[in-house]
Amino acid sequence: MVRLTAGKWILPQPEEAKSTGEYVSIPRLAKIWVPFGYKVSETDETMLDPIPLELESLEQAKKYLKQYPSRQVAAWLTKITGREISHAGLLKRIKNEQRNKTKASTLRGWATRYKKAIEEAEKLEQRLGSKRDTSTNTVDADK
């Protein structure tokens with residue numbers, strides 16, 4: 001079951017952004033808080049601009065979490081970036097990113113399967129000789 005929630009989705013950055021350091025702005029969903037690694041845009045309050053140092057440090061912190069406790073990693077991240085993040089906030093951020101990545105992958109898979117099913121249905125319709133009226137989504141027998 002897929003639930004849609006408002007205010008939790010953070011657009012994933014393109015994979016090449018991690019290697020090139022070119023991050024993109026994301027829409028601001030909540031007025032109360034700004035996610036770690038972003039700041040409110042000076043030109044548009046509805047957008048969040050990336051802070052490359054924080055995003056790169058967050059990627060490094062993910063690696064450190066495999067070796068060190070989350071409290072130590074959060075303290076390190078706070079010291080390096082100058083922006084405070086709790087161990088719970090760090091874990092929540094990483095958990096949400098992973099969940100969103102998994103969800104996006106699942107949806108892409110579904111889209112691929114649906115596209116293939118539509119192509120197969122169209123081939124079957126052509127083979128059977130029936131013509132579909134796409135405007136009304138009905139099969140016309142007299143055509």
Check your understanding: Quick check: does any side chain N or O of Arg93 sit under 3.5 Å from a backbone N or O of Pro35, one acting as donor and the other as acceptor?
Key -> no

| query | Distance-only, no hydrogens or angles: does the Thr81 side chain make a donor-acceptor pair with backbone N or O of Leu77 under 3.5 Å? | reply |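 At least one qualifying donor-acceptor pair exists.
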
Check this for me: Glu84, atom CD, are more than 12 non-hydrogen atoms of other residues, nucleotides or ligands nearer than 6.0 Å?
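It does not: Glu84 CD has 12 such atoms or fewer within range.
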
* For atom CD of Gln67, decide whether the heavy atoms of other residues, nucleotides or ligands shown that lie under 6.0 angstrom number more than 12. => yes

| Evaluation steps, side-chain contact (heavy atoms from CB on, under 4.5 Å), between Leu58 and Leu90 | CA-CA 9 Å; Leu58 185 62; Leu90 175 62; 3.7 Å; yes

| message | Hydrophobic cluster membership, with links at side-chain heavy-atom distances under 4.5 Å among I/L/V/M/F/W/Y: are Leu55 and Val34 in one? | response | yes

For this session: Indicate, with yes or no, if Ile94 and Tyr64 share a hydrophobic cluster defined by side-chain heavy-atom contacts under 4.5 Å among Ile, Leu, Val, Met, Phe, Trp and Tyr.
Result: yes

(Q) As a quick check of understanding, evaluate side-chain contact (heavy atoms from CB on, under 4.5 Å) for Tyr23 and Glu56, giving each step before the final call. (A) CA-CA 10 Å; Tyr23 297 97; Glu56 290 163 8; 3.6 Å; yes

Pairwise side-chain contact, Leu124 with Glu120, heavy-atom cut-off 4.5 Å (strictly under): no

* Asked: Please walk me through it: do Lys39 and Leu48 pass side-chain contact (heavy atoms from CB on, under 4.5 Å)?
  -> CA-CA 5 Å; Lys39 64 181 180 180; Leu48 297 173; over 6 Å; no

Practice problem: Please test Ile51 against Tyr38 for side-chain contact (heavy atoms from CB on, under 4.5 Å), starting from the C-alpha separation and ending with a verdict. | Solution: CA-CA 5 Å; Ile51 304 171; Tyr38 294 91; 5.7 Å; no

field: Side chains of Asn96 and Arg99, donor plus acceptor under 3.5 Å
entry: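 Distance-only check passes for Asn96 and Arg99.
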
Taking every heavy atom of Pro52 against every heavy atom of Pro50, the minimum-distance pair comes out as CD-O, 3.5 Å

Closest heavy-atom pair, Glu45 versus Arg28, reported as atoms and distance to 0.1 Å, is O-CD, 3.3 Å

